[in-house]
Amino acid sequence: MTAVDPGTRMVTVLTADGRTLTHKASDAVQNLGQVKVGDIALISYEERTSYILSEPGARLPAAGDLTVSAAGTKGQRPAGGIMRQGLANYTVVGTNVAGNTITLVDAAGGEVRTFDVTDPTARSQLPRVKAGDALTAIDRQTLIATIVRKPS
């Protein structure tokens, strides 16, 4: 932490790769007043997208977004986490195995879009994907953070 302003909730951090980032801490961050210049922010972030292929007519999960968060309690060191998940269903319009592309339309309607398939594992599965199949995309981001005192 290179700067902390509890009044405006603005914090500035120097990242491990030398970048300086300034952000406003959300109101969910408790105990910001305990954070001091020199403290170390330990942050873990993961982003993952998973896909589920289903036969035409299969019952699909409801599309939508979900956010879950947790924060440290008053009096403890600042810590917390957040997980966001988005789920969307598509209908396969077609594939081009040689070109490594898949063409989809939102199951609820919308424009037809073609995507490059860049992941080697996904490319190996492309021949089994057929027009009319359903493709469910689950996009998840998880962030966990805590603040520790600078070592003496």
Side-chain angles (χ1 to χ4, degrees), residues 1-54 58-93 95 100-126 128-129 133-152:
M1 307 299 281
T2 58
V4 180
D5 184 340
T8 63
R9 304 191 64 77
M10 297 301 291
V11 296
T12 303
V13 297
L14 178 65
T15 67
D17 63 3
R19 293 179 297 138
T20 300
L21 305 173
T22 300
H23 292 282
K24 184 173 184 174
S26 82
D27 291 335
V29 176
Q30 295 189 39
N31 307 322
L32 186 61
Q34 293 182 24
V35 179
K36 306 294 180 214
V37 170
D39 285 352
I40 298 169
L42 301 175
I43 300 170
S44 172
Y45 179 78
E46 178 182 79
E47 186 169 7
R48 172 170 289 169
T49 302
S50 303
Y51 300 94
I52 301 169
L53 184 66
S54 304
R59 184 169 180 237
L60 302 176
D65 296 309
L66 172 70
T67 301
V68 177
S69 63
T73 58
K74 283 196 177 230
Q76 294 182 338
R77 300 288 300 151
I82 188 167
M83 186 278 299
R84 291 187 178 118
Q85 178 175 287
L87 190 143
N89 295 304
Y90 300 93
T91 300
V92 176
V93 175
T95 60
N100 293 309
T101 63
I102 186 168
T103 302
L104 305 170
V105 64
D106 188 308
E111 95 179 66
V112 175
R113 297 182 57 200
T114 299
F115 299 90
D116 292 323
V117 180
T118 57
D119 180 78
T121 302
R123 283 182 174 179
S124 72
Q125 296 299 311
L126 203 52
R128 71 182 209 125
V129 181
D133 284 349
L135 186 71
T136 299
I138 305 166
D139 185 37
R140 179 177 299 140
Q141 302 96 34
T142 305
L143 180 127
I144 299 171
T146 190
I147 305 295
V148 296
R149 290 275 180 236
K150 176 181 164 183
S152 305

Taking all atoms of both residues into account, what is the closest heavy-atom pair of [X] and [Y], and its distance?
X    : Y    : result
K24  : T8   : CE-O, 3.6 Å
N100 : L126 : CA-CD2, 3.9 Å
P6   : G33  : CG-CA, 4.2 Å
L60  : A134 : CD2-CB, 3.7 Å
D65  : G86  : OD1-CA, 3.3 Å
A62  : L87  : O-CD2, 3.3 Å

CA sep, side-chain torsions, deciding dist, call: D139, E47, side chain to side chain contact (heavy atoms under 4.5 Å, CB included): CA-CA 8 Å; D139 185 37; E47 186 169 7; 3.9 Å; yes
Minimum side-chain heavy-atom gap D39-R77 below 4.5 Å: yes
Close side-chain approach of L53 and R128, heavy atoms under 4.5 Å: yes
Roughly how far, to the nearest 0.5 Å, is the [atom2] atom of [Y] from the [atom1] atom of [X]?
X    : Y    : atom1 : atom2 : answer
R140 : E46  : CZ    : CD    : 8.5 Å
D119 : T49  : CG    : OG1   : 10.5 Å
T22  : D5   : OG1   : CG    : 11.5 Å
N89  : D106 : CG    : CG    : 8.0 Å
R113 : T103 : CZ    : OG1   : 11.0 Å
L104 : T95  : CG    : OG1   : 10.0 Å

Return yes if some donor-acceptor pair links the side-chain N/O of [X] with the main-chain N/O of [Y] below 3.5 Å, else return no.
X    : Y    : result
R9   : A25  : yes
N31  : Q34  : no
T2   : T12  : yes
D116 : T118 : no
R123 : V117 : yes

Worked check of side chain to side chain contact (heavy atoms under 4.5 Å, CB included) between V37 and M1: CA-CA 5 Å; V37 170; M1 307 299 281; 5.6 Å; no
Derivation and outcome, side chain to side chain contact (heavy atoms under 4.5 Å, CB included), residues L32 and V11: CA-CA 9 Å; L32 186 61; V11 296; 4.0 Å; yes
